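Encoded as structure tokens, the structure appears first; notes follow it.
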Amino acid sequence: MTRFAEKETAITGVGMSVVSRGADKSALALTVDAALEAIADAGLARADIDGIATWPGERADGSGFSPVGCAALQDALRLELGWYGGGGEAPGQYGAVFNAIGAIAAGLCRNVLIFRTMYEATARKTAYANSLLREGQRQAGPFAWYAPYYTYAAALQQALFFNLYVHKSGIRPEQVGQIAVNQRRNAALNPNAIYKTPISIDDYLASPLIATPLRLYDCDVPIDGAAAIIVSRMDVARTLKNPPIRIEAIGSSMRYRNSWTQLNELDTQAQPKVAEMMWSRTDLKPAEVDIAQLYDGFSFHTINWLENFGFCERYGAKDFLDGGHRIALGGELPVNTGGGALSGGRLHAYGAVHEACTQLWDRAGARQVKGDPRVCATSTSGGPLAGAMLLVRD
Amino acid sequence: MIARTLPVIDRDNEAYWTWGRDGKLAIHRCASCEYFVHPPVPFCPRCESRDVAPQAVSGRGRVVTFTVNHKAWVPDLTDPYVLALVAIEEQDDVRLACNIVECDPETVDFNMGVEVVFEQAEDLWVPLFRPVTA
Ligand SMILES: [Zn+2]
């Protein structure tokens, strides 16, 4: 019998800074806020934290994409660690969690502080336009193949994959728009969300086209903020104050071509094999999932995950989404219950984990899903990046 | 027209970005099993040969997917333009990012037949594709 190390770990605390369209403090200060809240939420003290992890690590490029890394946070909190790790070459944003699971299993640490900090709202006000391109500089790396073709932003590149999905599936804009409408409805019940004014399908259809078929309301909202979670070894978790949220299964595979141009299946992106791996590590089935916090850098990712997790058939999301009832708070599978990145703010999948735990611990107030949700599927993605987790509160 | 942002050139990608000088589209190919290897690397993942080198291909292909851009990411970028992935005629899993040019963006479609044209930019020749005329 194979042992799955993730089952010996659990999320024991979560924290989030103020999330805004322009912070009144530094990115590191926001990170400290989120970290201290998560540590206290777990019933721990700074001295109990013996590991830290982040994705993608510090990028001192002025973009606000990842302004804080392990070293800065470790020194700010004067942590004494048995292990640390931050880096972008991982199965999406949850790569930091998967690394932490490995470090705990290796006996390197017991309570890992995992965080993600964004400062993109401020960065865009000052210098940066989230451009993938730097004027006057030649480009290296995977996006160099796109560089000469006015590929200024991820939205434009991702619209290529989205368009093929629309072509193959036959999904209609008013079905795609249910993602944005649902999340805005949920955000209205979340005091920490960025955008709370309800929108209709007509509003979605009237929102500006960025690159066909991608509209403004399909895109997440850049923010300043930080989120943190504590992942603890299971025997430690059982002694702490919150009911452990077990990491029941993870999907971390790269059994496909990891390329923004040669990715095997462009319209489903990298997700199918990753979801398949996650389900292979648990006895639970898609029908047993109570809520889903699905990556929504663009609403198209969320639609992909509905299919790739098996909540509906391949190319069946159009029917699953029709009318929007199934994914609503009172529906059969409430999705992105806090407003997600589209309306809550782009915390890049760590907002999703935070919301998952908020729901599983029955702390979500006006947006709390009824019926005592216990099982949450959550995911990260974008082109060749994908990672998945199944979280279960006992 | 706004200047194109150019790639850093290395030993592997140099042919792709420069053979357009002679009107040729260069794709790496295995001499042993004839597999096209892209992005270029001197190793064949199919037969493990190291005998892989750039070769001129027909320059014809099909539009795998595309998008029409409507947002002015920089000032003066006001006209819609097409970003696409084109599969080369010789091997469908070799996909090239490109702009589709010399046509109305609204006429570009999936599986449309296209052919390469080159645009010089500094010391490089950037491959672009245009619809094949009947
Ligand atoms: Zn070969």
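In what follows, chains are A, B, ... by sequence order, proteins preceding strands, each numbered from 1. Keep in mind that this is a model prediction, so the values were computed, not measured.
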Legend entry - For chain B, the option from A/Y146, A/W260, A/F161 that forms the most heavy-atom pairs under 4.5 Å: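 The candidate making the most pairs under 4.5 Å is A/Y146.
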Legend entry - Closest heavy-atom pair and its distance - A/L266, B/V64: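 Closest heavy-atom pair between A/L266 and B/V64: CD1-CG1, 3.9 Å.
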Inset, instruction - Check whether more than 12 heavy atoms from other residues, nucleotides or ligands sit under 6.0 Å from atom CD of B/E102, and answer yes or no. - result: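 Yes, CD of B/E102 has more than 12 neighbouring heavy atoms, counting only those of other groups under 6.0 Å.
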Inset, instruction - Look at atom CE of B/M112 and say whether more than 12 heavy atoms of other residues, nucleotides or ligands are closer to it than 6.0 Å. - result: yes
By a 4.5 Å heavy-atom criterion (distance strictly below it), what part of [X] contacts chain A: side chain, backbone, both, or neither?
{"X": "B/A72", "answer": "neither"}
{"X": "B/L77", "answer": "side chain"}
{"X": "B/A84", "answer": "backbone"}
{"X": "B/V82", "answer": "neither"}
{"X": "B/F66", "answer": "both"}
{"X": "B/P127", "answer": "both"}

Inset, instruction - Give a yes or no on whether the backbone of B/L96 and the side-chain of A/T261 come within a donor-acceptor separation of less than 3.5 Å. - result: no
Legend entry - Any donor-acceptor N/O pair, B/T5 side chain to A/P148 backbone, under 3.5 Å: no
Legend entry - Pairwise distance CG(B/L83) to CG(A/N163) - rounded to 0.5 angstrom: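 Those atoms lie 11.0 Å apart.
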Do [X] and [Y] come close enough that some side-chain heavy atom pair is under 4.5 Å?
{"X": "B/F110", "Y": "A/K168", "value": "no"}
{"X": "B/N13", "Y": "A/W145", "value": "yes"}
{"X": "B/I2", "Y": "A/Y150", "value": "yes"}
{"X": "B/V126", "Y": "A/Y149", "value": "yes"}
{"X": "B/Y81", "Y": "A/L156", "value": "yes"}
{"X": "A/Q262", "Y": "B/P39", "value": "yes"}

Inset, instruction - Heavy-atom pairs under 4.5 Å with chain A are the metric here; pick the option from B/H70, B/K71, B/R95 that has the most. - result: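 With the most close heavy-atom pairs to chain A, the winner is B/R95.
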Legend entry - Top contributor to chain A interface from B/D93, B/L128, B/T67 [non-hydrogen pairs under 4.5 Å]: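 Among B/D93, B/L128, B/T67, the one with the most close pairs to chain A is B/T67.
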Legend entry - Stepwise salt bridge (Lys or Arg N to Asp or Glu O under 4.0 Å) check, A/R138 with B/D10: CA-CA 12 Å; A/R138 293 205 170 184; B/D10 62 24; over 6 Å; no
Inset, instruction - Under 4.5 Å heavy-atom distance to chain B, tell me which part of A/D267 shows up: side chain, backbone, both or neither. - result: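 It is neither, since no heavy atom gets under 4.5 Å.
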